[in-house]
Every structure is written in C-alpha cells, then in structure tokens.
Amino acid sequence: MPLPYERRHSRFARLALATVLLATPAALLATSTTSGADASAPRGGTSPYAATVTITRHGIPHVRAKTFPGVAYGAAWVTMSEATCTMMDMLLTARGERSLYLGPDGTYKDNVGGSGTNLQWDTLVGDLHNRHVVEDLLADPVRGPSYRAKTMVAAETAAINDWLTKNPVTDPECAEQTWIKPDVTRIDVWYAFYLAQLISSETRLLTAITDAAPPSGRPRPTPRPTGAQLRAALTEHDFGSNATAIGGADSSTGRGMILGNPHFPWLGRYRFTQMHLTIPGTLDVAGGALTGFPAINIGFNKDVAWSHTVSTAYRFTPYQYTTAGSPTTYETDGGGTAELEKRTVDVQVKTDDGVETVTKYLYRTPEGYVINAPSLFMSWNDYSFWAIRDANAEHLRTFDTFLSMNMAKNVHDLLARQDRGGGMPWVNTIAADRTGEALYADHSVVPNVSNALVKRCLTPTGTLIYGKAGLPGLDGTRAQTSCRWGTDKDAERPGILGPKNLPAVFTRHWVMNANDSYWTPSSTIRLTGYPRIIGCEENGKPVVNESACQRTMRTKMVMRYVTDQLKLGKETPATLASHEYANRVYAAEVARVGGRLDQVCDATGLTEACQVLADWDGRSDASSSAGAAIFEEFAYLASSRGVTLWKVPFDPDHPLTTPRTLSTDQTVVDTMADAIEKVTDRGELTDTYGDFHRSGDRGDPEPGYPLGGGLGDTTGDANAVSSTLGDPVLDPVTRGSSYIQRIAFTGKTGIDAKTILTYSQYSDPASPWVSDQTKLFSQDRWVSFPWTSAQISAQRVQTFQLPAT
C-alpha cells in the first residue's frame with residue numbers, strides 16, 4: 001500500500017540478535033558488543049569513506065573518521081538504519097516523484113509549514129529541476145556550497161545506496177515500496193537540502209504558487225483577514241522553540257550553560273536524530289541533526305553550545321505588478337512592458353489505468369514565482385498580480401554554515417562562522433561558551449530591504465499588508481531599479497542584510513528567545529534600530545502594528561524561570577535543567593490574580609469541575625489534576641474563537657506584564673463551560689492531566705505515554721507539546737519539544753551534558769530504541785549524553801566498521 005499522505009514517522013525495524021551473531025565474522029565479534037544492536041550493522045571492508053561507529057545506550061551513534069567524507073558516510077549510514085522511510089520519502093519529494101508512486105491527490109504535509117497535494121509538490125519541485133536551480137547553485141562560487149560540502153554529500157549518497165544494497169527495508173511503513181532502491185544521486189540529496197531552506201518561504205506558499213493562473217471571469221469575493229490572521233498566515237508555523245543561555249555572571253560555575261528545546265514535528269520529514277561526529281584534531285561535535293543532515297544543527301562541542309529558535313524575519317518580499325493590456329503583461333520602469341515567463345511542468349502521475357502525464361503551468365517574473373493569495377491581499381486580477389523574491393531560494397549555503405559552526409571555539413567565533421557561511425536559513429541563535437559568554441543573534445538570511453526602501457516602494461495594497469503584518473509589499477514596476485534589494489558591504493553575498501544590520505548581543509548574564517522578535521532577548525536588554533523586515537521593536541517610534549510587539553505567554557514564562565531563580569541565587573546546572581520539566585502554566589498564573597479564574601468558572605454553574613480547577617496545582621505535569629486539561633482547553637478554545645481574555649491590553653511600555661486581568665465577560669464564561677464539556681466528554685474529573693494528554697508517536701505503547709507540557713504560546717507552557725490530529729490538548733501529541741539539551745561547561749575541560757530526544761532515536765516499532773526516550777520524557781528524566789571516551793566506553797552497546805562488505 002502507498003504511504004499515507006499525512007504520515008506518521010517511519011521506523012526502521014531491528015532484525016533479531018541471533019541473525020546478527022550468525023552473520024558476523026569472528027574477528028569482528030572479538031571487538032564488537034552486540035547486545036541490543038541493530039542488525040543493519042555492517043561488517044568489515046575498506047573504502048575512502050571508512051568510519052568507526054559506536055552505538056551507546058538509547059541507540060545514539062558516535063561516528064569517528066579521518067576525513068569529512070568519512071564522517072558523512074557514517075552519519076548517513078546510521079540515519080538510514082534509524083529512519084529509512086523518512087530518509088527515502090524526503091528524497092522522493094526532492095525528486096518530484098510523489099505523484100508517480102503515491103498518486104496526485106493525496107495531501108503531503110511536511111508539518112513545518114508546507115502543505116499541498118502530491119501534484120502541487122511535484123509541480124514546484126519539477127520546475128526547480130527544469131530550471132536547474134540546484135545544479136546552477138552548485139557551480140556558483142559565491143552562492144553555492146564549498147568543495148568540502150560537495151565531497152560530504154557524495155559520501156552521503158554512497159552510504160544511502162550502500163545501505164539499501166546491503167540491508168532489507170523491513171519497516172512496515174515502506175517495506176513494500178518499489179521506489180525505494182539504491183539509485184539515489186547527489187543531486188537528489190542537494191535538492192532535499194534546498195527544499196529545507198524554503199520552509200519559511202516558497203514551500204509555505206506552495207498552493208499560492210502552484211494554483212496561480214491568469215484571471216478569468218469575475219473574481220470571487222474573499223473575506224478580508226484581520227492583522228492577526230494575516231500575520232499567522234505569513235509567519236506562524238507548526239514549529240517554534242525555546243532557548244536560554246546563561247553567562248558566567250549568572251551561573252554557579254562561572255561558565256556558560258544552555259537549555260535548548262526546539263519545538264518541531266514528531267511526524268514527517270523534519271525530525272531530529274542524535275549523533276556525535278568526530279575527526280580527531282578537526283571536528284568533535286554532538287547534538288541533534290535533522291534527518292539526512294550530516295552535520296549538527298543544534299548541539300555542542302568542547303567549548304561552545306548552541307540552540308536555535310524560529311525567527312520572526314521574513315525571507316521573501318512580494319512585488320506587486322501593474323498589468324498592461326493583459327493579465328500576463330506588466331509595466332516596467334521607464335514606461336515599457338514585459339511578458340510573464342510561463343513555465344510548463346509535465347508531472348508523471350499514478351492512476352488506476354497506469355501512469356499518465358499531467359501538464360501544469362507556473363508563472364514567473366525576474367524576481368520569482370507569481371502567486372495568487374486573495375486571503376493575503378495578494379490576488380491575481382485584471383489590474384495587478386504579485387510575485388515573490390525569496391532570499392533562501394538564491395543560495396545553497398546552509399550545510400556549509402552549520403558544518404562550520406560545529407567547529408566554533410566560542411560564541412564570537414560561532415557567530416563569525418555563521419556570518420561567513422551566509423546560510424542560516426530561518427532561525428535565531430542562542431549560545432553559551434566555556435569562557436562564560438552568552439549570545440543571542442538573529443543573523444539569519446534576510447532580504448536587504450531597509451526601512452527607507454520600504455518607505456519609497458510600498459504600493460497602496462502593500463502598505464495595507466505592511467501595516468497588518470510587517471511584510472512590505474513592494475512596487476514590482478521598479479523591482480529591477482529603485483526597489484531592488486540592497487547590498488551591504490559586510491554581507492556574504494548581494495541582496496541580503498549584512499551582520500552590522502542584523503541584531504545580536506553578547507553578555508555575561510543571560511539571554512533567551514521563544515520565537516518573539518529580537519527586541520527583548522532578556523528582561524533588561526532591548527535591541528532596537530533594525531529594519532522592520534526582521535521583526536518588531538519599540539524604540540520610541542510608532543510600530544507598524546500596535547500589537548505586533550506583544551510578547552507571548554511562552555516568552556514570559558521562559559524569562560520568569562530565570563528571573564525567579566536569580567532572586568534565590570545563581571543558575572546551577574541542576575536548576576537550569578529543572579526548568580524543562582517545571583511545567584508552570586504562566587497564563588493560568590496571570591488569570592488567577594484576584595481570583596478571577598475561579599470567578600469565571602463559578603459563573604458556569606459547573607460546581608464539581610470548578611472545584612477541580614480551583615484545587616489544580618497550576619502546572620501541566622502529567623500527574624497534575626484534570627484542572628490542567630480544563631485550563632489548556634479553555635485557552636485553546638478562546639484563541640481559536642478569537643475571544644478576548646484580558647481586560648488590560650498589551651502596553652509596549654510594559655511588554656512583560658501586559659496583557660493581564662482576566663475578563664469575566666459572558667463570552668469568556670461560555671468558553672470555560674465549553675472547555676469543561678469537552679474535557680468531561682473525554683474522561684473523568686478524577687483523571688490526571690496525563691490521562692488526557694498522551695504521546696502519539698508510532699511505536700509508543702497504547703494509549704501512549706502520559707505527558708506533561710501544553711500549548712506553548714497560548715497558555716505559557718515552555719514545554720510545548722500538542723496534537724496536530726484534531727484537538728491540540730486532548731488528542732495524541734504529535735509536535736513540540738523534540739531534541740532537548742542542557743549543556744553546562746565545568747572547569748577547564750568538563751562538560752555536563754543532559755539530553756532527551758522526546759520521540760526516541762529509532763523509528764521501527766520493533767526497535768528497542770523506538771520509545772525508550774519517550775518513556776524517560778514522560779517521567780521527567782534525562783539522558784546523560786556520553787561525550788568522553790570513557791563515557792562512551794561505559795555506555796557502549798556495539799562498535800562496527802564502515803563500509804560494509
């Protein structure tokens with residue numbers, strides 16, 4: 001059967017231990033421990049891609065090689081063992097062949113923003129192939145990858161094919177798929193990397209791009225979105241993150257510490273895998289890597305640790321063009337006209353009668369794809385149309401950027417390497433180092449669109465979009481002249497903002513981010529004077545939108561963990577780790593002031609439920625009462641219905657204490673009554689929160705592990721875990737906290753590394769490592785990550801040599 005379109009994450013099945021023992025040569029058995037090992041472990045052999053892999057508890061691989069290609073080969077091999085179906089599904093998408101094997105009509109959602117039919121994905125990806133986008137970037141000395149990166153991708157490609165040649169695909173999710181075979185090319189892998197760069201731009205606008213067509217007939221009326229709806233459509237994702245870095249002045253060790261918790265999908269393409277990569281004397285780094293990435297995205301080395309959070313900056317700008325006589329002809333600067341480029345894409349699709357060709361059309365200007373997005377005020381009509389220019393579509397530097405960061409010596413070096421790489425695609429960076437310095441920076445890829453350029457280039461509709469969402473809608477007539485993106489002397493390439501125009505702060509105190517803009521990296525630090533396209537700020541001048549700078553409840557909670565602890569004493573490795581599982585619900589703390597939450601509940605007349613809510617401990621622990629479920633559901637319903645909960649609105653002069661004072665209006669009371677009804681429909685008031693709130697990853701025992709944590713922004717849960725399957729509170733958890741790390745530097749060389757991969761390392765339900773860390777996460781526990789040789793030896797499960805023979 002074909003893969004489901006909204007698919008749970010794939011899992012690679014472990015063969016029986018007896019099979020491994022029978023198949024393993026005696027010479028290897030003499031040096032290899034096989035207890036709990038995956039039978040995909042190769043045996044013997046020599047190759048330019050030679051590597052040694054040691055598997056420690058929880059299936060964590062430690063890849064050691066003499067060269068960068070060797071490390072990439074080993075990383076790809078173990079990733080294929082851990083997540084075969086996910087890796088191959090990623091490559092199927094990158095080839096533009098989803099419709100050929102899975103049919104055109106199924107919906108494929110990558111769970112980080114891009115959602116569309118297989119045909120829509122294949123249409124966009126097919127045109128990228130037709131235009132040779134990646135091939136041209138590979139040949140570009142400025143926008144393309146380094147020779148080192150190319151050799152590593154060549155090694156990764158070889159490892160994928162070698163693994164498929166030497167190992168059966170046993171994961172029941174994809175074991176019978178005919179498209180899984182050892183014919184992967186380097187270009188396939190590079191297109192997969194390229195699509196990851198487009199998460200916050202072209203793939204987010206997938207439907208608007210692939211459905212864009214010249215208007216015919218009278219346009220249908222489209223509801224005008226509110227500012228909040230427009231911002232949500234353009235900037236909010238199904239992923240986010242928290243990260244807190246503590247400098248030496250606020251840490252008990254005098255060294256840096258970090259707590260990082262990216263909120264990413266538990267299902268689909270963009271999951272993390274833990275790994276440790278070593279080239280003696282050159283590279284020694286560990287942490288979380290997105291599936292298929294032979295470098296660490298979030299992690300640590302001996303001197304610096306870092307995490308990332310999704311940035312508020314836009315990666316693209318829409319240009320509005322005035323038509324000239326026909327919907328596909330447009331005016332240009334100087335009074336001339338030009339014709340849209342019409343792109344033809346032939347997609348092979350699977351049907352009941354065999355394989356057929358479907359022809360689709362896309363339209364482009366020199367800036368990029370034409371879109372049709374009436375709900376975003378960007379429709380294609382007889383008078384104008386919009387096209388987007390995408391900064392992340394103009395480079396292939398992300399892999400190089402992360403790989404270079406893996407070798408940083410301190411937070412200053414980390415940021416300098418990030419800037420030289422020029423490929424940080426859509427995230428902030430929060431870091432701390434052994435010297436005791438901490439860093440917050442949004443030095444991601446951002447179009448070079450200054451406030452002055454915005455002022456002279458906004459169209460009337462562009463002004464509306466800018467006012468509601470902070471996204472500048474620019475004049476396409478002048479897109480090649482006075483409204484063209486600028487160039488900074490210190491930028492890695494033309495068209496993007498250079499480091500001097502991007503926000504950053506170094507400190508020996510503390511910084512954080514939880515997906516709000518750069519403006520407030522701590523309770524006392526304010527960053528101002530940057531282009532609005534990066535995010536909002538309050539610098540004494542009116543902001544574009546009066547509520548654009550409102551800090552979420554999650555941001556406030558992450559800050560409060562630190563400020564409350566510093567009132568008692570400095571942050572220690574133990575106190576910083578404790579913040580992850582503290583599960584305070586900040587919105588409830590605010591709502592309870594003056595007894596107003598109880599007043600709202602009492603007004604429903606549901607006495608028993610209100611007593612449960614009143615007695616609730618205010619936390620979203622798995623062991624908390626059903627009061628946690630009632631409050632989480634109440635906040636969710638209020639947010640989804642647009643119910644105003646707070647009487648005191650956001651005040652930019654008091655960003656961390658407003659809004660506040662829970663409203664007792666009837667709409668709020670009705671929302672509470674509905675929340676209680678939904679909770680009691682699912683269970684009993686005597687149940688714990690964990691009875692309602694359970695893990696939903698394939699391989700977890702039914703009915704899933706009871707989990708703490710909650711809705712994130714809406715409720716102020718820093719430990720954000722929720723569902724994408726229906727009700728985000730009461731249905732099984734499928735997104736949120738993922739690769740979590742608390743790293744503390746101790747003494748001259750020590751590292752105290754605590755990690756947890758919430759959905760566990762392996763994918764197949766038959767693996768012993770499919771849900772072991774999920775169980776630990778349910779129990780508020782950590783993995784002691786083995787970093788030193790002695791620690792690795794103490795936790796060793798298996799060691800094997802690559803390549804296989």
Side-chain angles (χ1 to χ4, degrees), residues 228 231 236 240-246 250 259-261 263 307 309-312 428 430 440 509-527 535-538 543 546-568 571 575-576 578-594 596-597 618-620 628 631-632 634-636 638-639 644-663 708-722 736-737:
R231 285 194 302 277
E236 291 184 9
S241 303
N242 313 320
T244 302
I246 309 295
D250 289 333
L259 175 62
N261 180 358
H263 301 153
S307 194
T309 63
V310 177
S311 158
T312 58
N428 303 286
I430 299 87
Y440 162 78
H509 291 280
W510 64 276
V511 288
M512 58 73 64
N513 187 267
N515 306 125
D516 279 325
S517 73
Y518 59 84
W519 176 43
T520 56
S522 79
S523 59
T524 58
I525 298 171
R526 298 292 179 267
L527 299 179
C536 69
E537 63 183 57
E538 287 286 348
V543 292
E546 63 183 9
S547 64
C549 274
Q550 181 170 320
R551 308 289 91 171
T552 66
M553 289 290 181
R554 178 162 58 94
T555 288
K556 296 170 189 175
M557 187 72 266
V558 174
M559 286 192 181
R560 284 295 296 271
Y561 280 134
V562 179
T563 57
D564 287 356
Q565 173 59 34
L566 293 179
K567 291 175 184 177
L568 303 175
E571 285 277 15
T575 61
L576 187 61
S578 73
H579 300 335
E580 173 57 36
Y581 291 125
N583 289 330
R584 288 168 59 182
V585 183
Y586 189 67
E589 295 178 13
V590 176
R592 278 178 155 171
V593 173
R596 300 184 75 88
L597 182 61
R619 298 179 184 272
S620 56
F631 185 82
E632 296 276 343
F634 165 67
Y636 159 63
S639 175
T644 300
L645 288 181
W646 310 107
K647 293 182 69 67
V648 177
F650 172 68
D651 181 351
D653 292 331
H654 304 282
L656 303 181
T657 56
T658 59
R660 63 174 183 268
T661 310
L662 183 66
S663 170
L711 293 180
D713 290 354
T714 306
T715 53
D717 286 275
N719 185 15
V721 282
S722 59
S737 298

Got a donor-acceptor contact below 3.5 angstrom from the N242 side chain to the A718 backbone?
-> yes
Do any N or O atoms from the side chain of N515 and from the backbone of V310 form a donor-acceptor pair under 3.5 angstrom?
-> yes
Distance from F631 atom CZ to L711 atom CG, nearest 0.5 Å?
-> 9.5 Å
Could you list all the salt bridge (Lys or Arg N to Asp or Glu O under 4.0 Å) pairs where at least one residue sits in residues 647-661, not counting sequence neighbours?
-> none
Is the closest side-chain donor-acceptor distance between S241 and R554 under 3.5 Å?
-> no
Modelled atom types, side-chain donor and acceptor of H579 and E571, under 3.5 Å = yes
Provide the closest heavy-atom pair for P649 versus T658 in the form atom of the first, atom of the second, distance.
-> O-CB, 3.5 Å
Backbone of A628 reached by a side-chain donor or acceptor of R619 within 3.5 Å | no
Test item: L527 and P521 side chains (from C-beta on) under 4.5 Å apart, heavy atoms = yes
Does the S517 side chain pair with the main chain of C536, one donor and one acceptor, at a distance under 3.5 Å?
-> yes
If only atom types and distance count, is the side chain of N513 paired as donor or acceptor with the main-chain N or O of D516 below 3.5 Å?
-> yes
Can you find a side-chain donor-acceptor pair between Y440 and N428 that sits under 3.5 Å?
-> yes
Residue set satisfying side-chain hydrogen bond (donor to acceptor under 3.5 Å, both in side chains) with T714, at least two apart, ordered chain then number -> none
